[in-house]
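To start, the structure itself, in C-alpha cells.
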Amino acid sequence: MKSALELAMEKANEAVGGEEGIKLTDDQKVAIDQLRKQYEAKWAEQEISLKGELAKVADAEPETQAEALRQVQAEMNKVRDRLFAERDAKIEAIRNH
C-alpha cells in the first residue's frame with residue numbers, strides 16, 4: 001500500500017512526463033528500481049520499529065497513550081520524509097548520470 005506522499009510524487013512525476021519522458025538506460029532503470037525497493041524496505045523496517053513503541057504503553061492511561069501516539073506519529077513523519085528525500089536525491093543522481 002502506498003503512502004499519500006508516494007502517490008503525490010507519482011502524480012507529479014507523471015505531470016512532467018514521468019520516467020518514460022526521460023531517456024533512461026536499462027542500467028539506470030534497474031538501479032532506480034532497486035533503490036526504490038531498498039528504501040521501501042527501510043521505511044517498512046522503521047515503521048514496524050516505531051509502531052512497536054506504541055505497544056510499550058498499551059496498558060498506560062489514555063492520556064499517556066495519546067501522547068505516545070502523537071510522539072510516534074511525529075517521529076514516523078520525520079523518518080519517512082528523511083528516507084524518501086534521501087531516496088529521491090539518489091534517484092535524481094542516477095537520472096543525471
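Quick caveat, the model's predicted, so the values are computed rather than measured.
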Step-by-step side chain to side chain contact (heavy atoms under 4.5 Å, CB included) determination, Phe84 to Glu40: CA-CA 9 Å; Phe84 290 159; Glu40 286 298 321; 3.8 Å; yes
(Q) Do Glu92 and Asn96 have side chains that approach each other closer than 4.5 Å (heavy atoms only, starting at C-beta)? (A) yes
Taken to the nearest 0.5 Å, the spacing of Ile32 CD1 from Leu24 CG works out to 5.0 Å
Rounding to 0.5 Å, atoms OG1 (Thr25) and CZ (Arg95) come to a distance of 12.5 Å
Self-check item: Short side-chain to backbone donor-acceptor contact, Asp33 and Lys29, under 3.5 Å
Solution: no
Applying salt bridge (Lys or Arg N to Asp or Glu O under 4.0 Å) to Asp26 and not counting sequence neighbours gives none
With sequence neighbours left out, the residues meeting salt bridge (Lys or Arg N to Asp or Glu O under 4.0 Å) with Lys78 are none
Glu75 meets the salt bridge (Lys or Arg N to Asp or Glu O under 4.0 Å) criterion, sequence neighbours left out, with none
Report task. Salt-bridge test for Glu67 and Arg70: reply yes if a basic N is under 4.0 Å from a carboxylate O, no otherwise. Result -> yes
Sorted by chain and number, sequence neighbours left out, side chain to side chain contact (heavy atoms under 4.5 Å, CB included) with Glu86 holds for Tyr39, Lys42, Arg82, Lys90
CG of Asp88 to CD1 of Ile91, rounded to nearest 0.5 Å, is 5.5 Å
Query raised in the report: Are any side-chain N or O atoms of Gln28 and backbone N or O atoms of His97, one a donor and one an acceptor, separated by less than 3.5 Å?
Result: yes
Those residues at least two apart in sequence (or on a different chain) that pass side chain to side chain contact (heavy atoms under 4.5 Å, CB included) with Glu45 are none
Indicate every side-chain donor-acceptor pair of residues 47-55 with a distance under 3.5 Å to a residue at least two apart or in another chain.
unit_1	atom_1	unit_2	atom_2	d
Glu53	OE2	Lys56	NZ	3.3

A side-chain contact here means heavy atoms from C-beta on lying under 4.5 Å apart; do Trp43 and Met76 qualify? yes
Between the CD atom in Gln46 and the CG atom in Leu83, the distance rounded to the nearest 0.5 Å is 6.0 Å
